[in-house]
Q: 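Below are the structure tokens for one structure; questions will follow.
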Amino acid sequence: MRRIRAAAVGAVTLSLVLTAAACGGGTSGAGGSNEQPKTLTYWASNQGASLEADKKVLQPELDKFEKRTGIKVKLEVVPWGDLLNRILTATTSGQGPDVLNIGNTWSASLQASGALLPWDEKNFDAIGGKDRFVDSALGSTGAEGQDPAAVPLYSMAYALYYNKKMFADAGVKQPPTTWDELVETGKKLSKDGKWALGAEGSNLSNNIHQVFVLGKQHGADFFTADGKPDFTSDGAVAAVKQYVDLMAKDKIIAPGNAEYAQNQSLSDFAKNKTAMVLWQTASATFTSQGMDESEWGVVPAPVQSDKPGQGTGVNSMVAGINMAVFGNTKNLDGAKDFVKFMTSDKEQIVLNKAYGSIPPVKAAQEDGAFGTFALSPLREALATSAAALPQVPEESQFETVVGTAVKELFADAAAGRPVTTDSVKAKLEKAQQQMPKK
């Protein structure tokens, strides 16, 4: 199950952490050190249907690494709701892992903390070279003009998944390609206690992903060219209102989705309660919930008009997981060896196949396992119509404050309170006021 990243801390806490002198990495007594050069600690993000499912995927690979190198990797799979907060605490306490996964949208924020190893040319050469990775994945590894803060591990993109049975029952023959078509189709599907589209209204990062893409389609970026917050532009307001209106005005999202934050919309889809979801690489989740591949389809996420592309044709953010090393690890060579192993062509095929994601390593991506009907629209999006979230130090605060504003607007919609252009703008103005001043 693809756990969409949750911004787990408030903007004030994050701002304090990111301006502190960071020292993290190398858990005392647990990680690798000069005295224990054959041990590493690794915080893996929860990519599968459960923490236990991740352990079943990862442990055989870690055993393989130990057999090859003699280095034992102590694994902890961390839920997405806890991961960012755990990382931020580690940057100040020093009680962190040697190697860890991070959401790629956090790269610039964590880079600004100074806690992560910069991946300069020498470090990239140690894992086979920077040119092994696809450009779209490298674009979400840190601020422009700086050495990346992390290395791409798993790549994902958004697509529109549709339940074939629910479409057939409603007499809908084709999945929508534009938002107008989605609303029109959605009204045919939303009846008899069933709903057209699933959402995770209390998941801050999911909210951000959706309104970021809609913002691009309305010509808004949420940050100015010099990195200042710009949450109240006409395009940003229109994007947030359009997304929330799917519940508030169009009534194709169930009011109860305002409280969803743990992938419940995928469960509803698998149980024939919701006909469509916008999601990152959801196929493994559907399989784990008993759906056969013949029961669902997947197409590019909607645009306002015409076809997906760049500019106003963007229909996905560049989603993915990066692998980082705490800069003060006492087992730097071992940490880099582990990153090299996890991003090797062979391991990239094994891991991304297990999770239903796409390898950010060029050679691995050419494997036939990633040319399936389930992944083709996502690969196409990453290649042609996806955009990276702003690679600025304040990106994580942006996820928190704007994601919360959207969450509150969904709560208004669920309660029957009006969602107007003015109320959306007021929420976004409040969010912008919570951002650090430049």
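Throughout, numbering of the chain's residues begins at 1 and tracks the sequence.
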Q: Donor-acceptor check, side chain of Arg86 to backbone of Trp43, threshold 3.5 angstrom: yes or no?
A: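 Checked: no pair found.
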Q: How close do Phe223 and Met435 get, heavy atom to heavy atom, and via which atoms?
A: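 Distance-wise, the nearest heavy atoms are CZ-CE, 4.1 Å.
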Q: Can you tell me if CD on Gln174 sees more than 12 non-hydrogen neighbours from other groups inside 6.0 Å?
A: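 No, because the 6.0 Å sphere around CD of Gln174 holds 12 heavy atoms or fewer from other groups.
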Q: Using the rule given for side chain to side chain donor-acceptor pair (under 3.5 Å), can you reason through Asp180 versus Thr178, listing the C-alpha separation, both sets of side-chain angles and the distance that settles it, and then say yes or no?
A: CA-CA 5 Å; Asp180 284 346; Thr178 67; 5.5 Å; no
Q: Whether the side chain of Asp82 engages the backbone of Val78 through a donor-acceptor N/O pair (distance < 3.5 Å, no angle test) should be reported.
A: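 Judged by distance alone, no pair lies under 3.5 Å.
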Q: Please step through side-chain contact (heavy atoms from CB on, under 4.5 Å) for the pair Leu117 and Asn123, ending with a clear verdict.
A: CA-CA 9 Å; Leu117 175 74; Asn123 286 330; 3.8 Å; yes
Q: Between Glu394 and Pro436, which heavy-atom pair has the shortest distance, and what is it?
A: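 Reported closest heavy-atom pair: CG-CG, 3.9 Å.
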Q: Looking at CG of Leu110 and OG1 of Thr91, how far apart are the two atoms once the value is rounded to the nearest 0.5 Å?
A: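 Between atom CG of Leu110 and atom OG1 of Thr91 there are 8.0 Å.
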Q: For the side chain to side chain contact (heavy atoms under 4.5 Å, CB included) test, which of Leu204, Leu428, Asn207 pairs with Val402?
A: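 Only one option passes, and that is Leu428.
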Q: Out of curiosity, Thr105 OG1 to Ile321 CD1, how far, rounded to the nearest 0.5 Å?
A: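 The distance works out to 8.5 Å.
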Q: Is it the case that the side chains of Gln289 and Ser267 hold a donor-acceptor pair, with the cut-off being a distance below 3.5 Å and no angle test?
A: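 Note: Ser267 and Gln289 side chains meet the donor-acceptor criterion.
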Q: Measure the shortest side-chain to side-chain distance between Leu88 and Ser113 over non-hydrogen atoms and say whether it is less than 4.5 angstrom.
A: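 Contact flag for Leu88/Ser113 side chains = no.
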Q: Would you find more than 12 non-hydrogen atoms of other residues, nucleotides or ligands less than 6.0 Å from Lys362 atom NZ?
A: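 Check passes, neighbour count above 12.
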Q: Among side-chain atoms of Ser107 and Asn322, is any donor-acceptor pair under 3.5 angstrom?
A: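 The answer is yes; a qualifying pair exists.
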Q: Quick one: does any side-chain atom of Glu395 pair with a main-chain N or O of Leu389 as donor and acceptor, under 3.5 Å?
A: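 Not a single qualifying donor-acceptor pair exists.
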Q: I want to check something: taking the side chain as every heavy atom from C-beta on, are Ile252 and Leu189 in contact at a cut-off of under 4.5 Å?
A: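 No, every pair of side-chain atoms sits at 4.5 Å or beyond.
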Q: Main chain of Gln310, side chain of Ser385: is a donor-acceptor contact present, judged purely on distance under 3.5 Å?
A: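 Checking the backbone N and O of Gln310 against the side chain of Ser385, no donor-acceptor pair under 3.5 Å is found.
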Q: Taking Ala301's backbone N and O only, do any of them form a donor-acceptor pair with Asn315's side chain (distance below 3.5 Å, no angle check)?
A: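 Yes.
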Q: Is any side-chain heavy atom of Asn263 closer than 4.5 Å to one of Thr285?
A: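 No, side chains not in contact.
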Q: Go through the side-chain N and O atoms of Asn206 and Gln210 and say whether any donor and acceptor fall under 3.5 Å apart.
A: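 Side chains of Asn206 and Gln210: pair found under 3.5 Å.
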Q: State the OG-CG distance between Ser45 and Leu84, to the nearest 0.5 angstrom.
A: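 If I round to the nearest 0.5 Å, the distance is 12.5 Å.
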Q: Evaluate the criterion side-chain contact (heavy atoms from CB on, under 4.5 Å) for residue pair Trp195 and Ile253; output intermediate values, then yes/no.
A: CA-CA 6 Å; Trp195 297 84; Ile253 296 177; 5.7 Å; no
Q: Do other residues, nucleotides or ligands put more than 12 heavy atoms under 6.0 Å from the CD atom of Glu61?
A: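 More than 12 heavy atoms, drawn from other residues, nucleotides or ligands, come within 6.0 Å of this atom.
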Q: Determine, stepwise, if the pair Val151 / Phe133 fulfils side-chain contact (heavy atoms from CB on, under 4.5 Å).
A: CA-CA 9 Å; Val151 175; Phe133 298 88; 3.4 Å; yes
Q: Any chance you could measure Gln365, atom CD, to Asp367, atom CG, to the nearest 0.5 Å?
A: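 It comes to 10.5 Å.
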Q: Can you tell me if Ser140 uses its side chain to pair, donor with acceptor, with the backbone of Ala137 under 3.5 Å?
A: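 Checked: no pair found.
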Q: Quiz question: by atom type and distance under 3.5 Å, do the side chains of Thr420 and Asp422 form a donor-acceptor pair?
A: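 No donor-acceptor contact under 3.5 Å links the two side chains.
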Q: Please work out which of the three classes, parallel, tilted or perpendicular, describes the rings of Tyr162 and Phe167, given edges at 30° and 60°.
A: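 Tilted: the ring planes of Phe167 and Tyr162 meet at 30° to 60°.
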Q: Which heavy atom of Ser396 sits nearest a heavy atom of Trp106, and at what distance?
A: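 Closest pair (atom of Ser396, atom of Trp106, distance): OG-CD1, 3.6 Å.
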Q: Do Leu182 and Met276 have side chains that approach each other closer than 4.5 Å (heavy atoms only, starting at C-beta)?
A: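 Yes - at least one pair of side-chain heavy atoms lies under 4.5 Å apart.
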Q: Under a 3.5 Å cutoff, is there a donor and acceptor pairing between the side chains of Asn46 and Asp54?
A: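 Yes, side-chain donor-acceptor contact under 3.5 Å.
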Q: Show your working on ring-ring contact (aromatic ring centres under 6.0 Å, His included) between Phe222 and Phe212 and close with a plain yes or no.
A: CA-CA 8 Å; Phe222 288 95; Phe212 168 76; 7.3 Å; no
Q: Specify the closest pair of heavy atoms between Val303 and Asp306, including all atoms of both residues, with the distance to one decimal.
A: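 Closest approach of Val303 to Asp306: CG2-O, 3.8 Å.
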Q: Could you check if a side-chain atom of Pro97 sits within less than 4.5 angstrom of a side-chain atom of Phe326, using non-hydrogen atoms only?
A: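 Contact flag for Pro97/Phe326 side chains = yes.
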Q: Is the number of heavy atoms from other residues, nucleotides or ligands within 6.0 Å of CG (Asp234) greater than 12?
A: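 Atom CG in Asp234 is not crowded, with 12 or fewer foreign heavy atoms closer than 6.0 Å.
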Q: Just checking, any donor-acceptor pair under 3.5 angstrom between side chains of Asn101 and Tyr154?
A: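 There is no such pair between these side chains.
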Q: How long is the span from the CZ atom in Phe338 to the CD atom in Glu347, to the nearest 0.5 Å?
A: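 Between atom CZ of Phe338 and atom CD of Glu347 there are 9.5 Å.
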Q: Checking the side chain of Gln432 only, and the main-chain atoms of Phe231 only, is there a donor and an acceptor separated by less than 3.5 Å?
A: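 A pair under 3.5 Å: yes.
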Q: Counting only N and O atoms by type, is there a donor-acceptor contact under 3.5 Å from the side chain of Gln348 to the main-chain atoms of Leu153?
A: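 At least one qualifying donor-acceptor pair exists.
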Q: Please answer whether the main-chain N or O of Phe370 pairs with a side-chain N or O of Arg379 as donor and acceptor at a distance below 3.5 Å.
A: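 Indeed, once roles are kept as given, a pair shorter than 3.5 Å links the two residues.
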Q: Strictly under 6.0 Å, is that where the ring centroids of Trp296 and Tyr161 end up?
A: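 Under 6.0 Å, so yes.
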Q: Tell me the salt bridge (charged side-chain N to carboxylate O under 4.0 Å, His left out) pairs involving residues 161-178, sequence neighbours left out?
A: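 Listed once each, the pairs are Lys165-Asp169.
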Q: I need the full list of salt bridge (charged side-chain N to carboxylate O under 4.0 Å, His left out) pairs touching residues 194-217, with sequence neighbours left out, sorted by first then second residue.
A: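 Sorted pair list: Lys216-Asp221.
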Q: Counting C-beta onward and ignoring hydrogens, is there a side-chain heavy-atom pair between Thr177 and Val299 closer than 4.5 Å?
A: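 Result no, sub-4.5 Å side-chain heavy-atom pair not found.
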Q: Run Asp245 and Lys241 through salt bridge (charged side-chain N to carboxylate O under 4.0 Å, His left out) and show every step you take.
A: CA-CA 6 Å; Asp245 268 349; Lys241 188 173 189 301; 2.7 Å; yes
Q: For residues Thr274 and Leu197, report the shortest heavy-atom separation together with the two atoms involved.
A: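 For Thr274 versus Leu197, the nearest heavy atoms are CG2-C, 3.4 Å.
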Q: Is there side-chain contact between Tyr260 and Asn203, with heavy atoms separated by less than 4.5 Å?
A: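 Tyr260 does not reach Asn203 side chain to side chain.
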Q: Taking Gln217 for its side chain and Pro302 for its backbone only, find out whether a donor-acceptor pair lies under 3.5 Å.
A: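 Judged by distance alone, yes, a pair lies under 3.5 Å.
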Q: So, taking the atom named CG in Asn104 and the one named OG1 in Thr141, what distance separates them when rounded to the nearest 0.5 Å?
A: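 Answer for the CG-OG1 pair, Asn104 versus Thr141, is 9.0 Å.
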Q: With heavy-atom distances below 4.5 Å as the criterion, would you say the side chains of Leu214 and Trp179 are in contact?
A: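 A side-chain contact exists here, since the closest heavy-atom pair is under 4.5 Å.
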Q: Regarding Ser205 and Glu399, do their side chains bring together a donor and an acceptor under 3.5 Å, going by distance alone?
A: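 The criterion, which ignores hydrogens and geometry beyond distance, is satisfied for Glu399 and Ser205.
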Q: Looking at every heavy atom in both Leu382 and Ala157, which two are closest together, and how far apart are they?
A: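 Result for this residue pair: CG-CB, 3.8 Å.
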Q: I would like to know whether Val325 and Trp119 meet side-chain contact (heavy atoms from CB on, under 4.5 Å); could you show each step before the answer?
A: CA-CA 9 Å; Val325 173; Trp119 286 87; 3.9 Å; yes
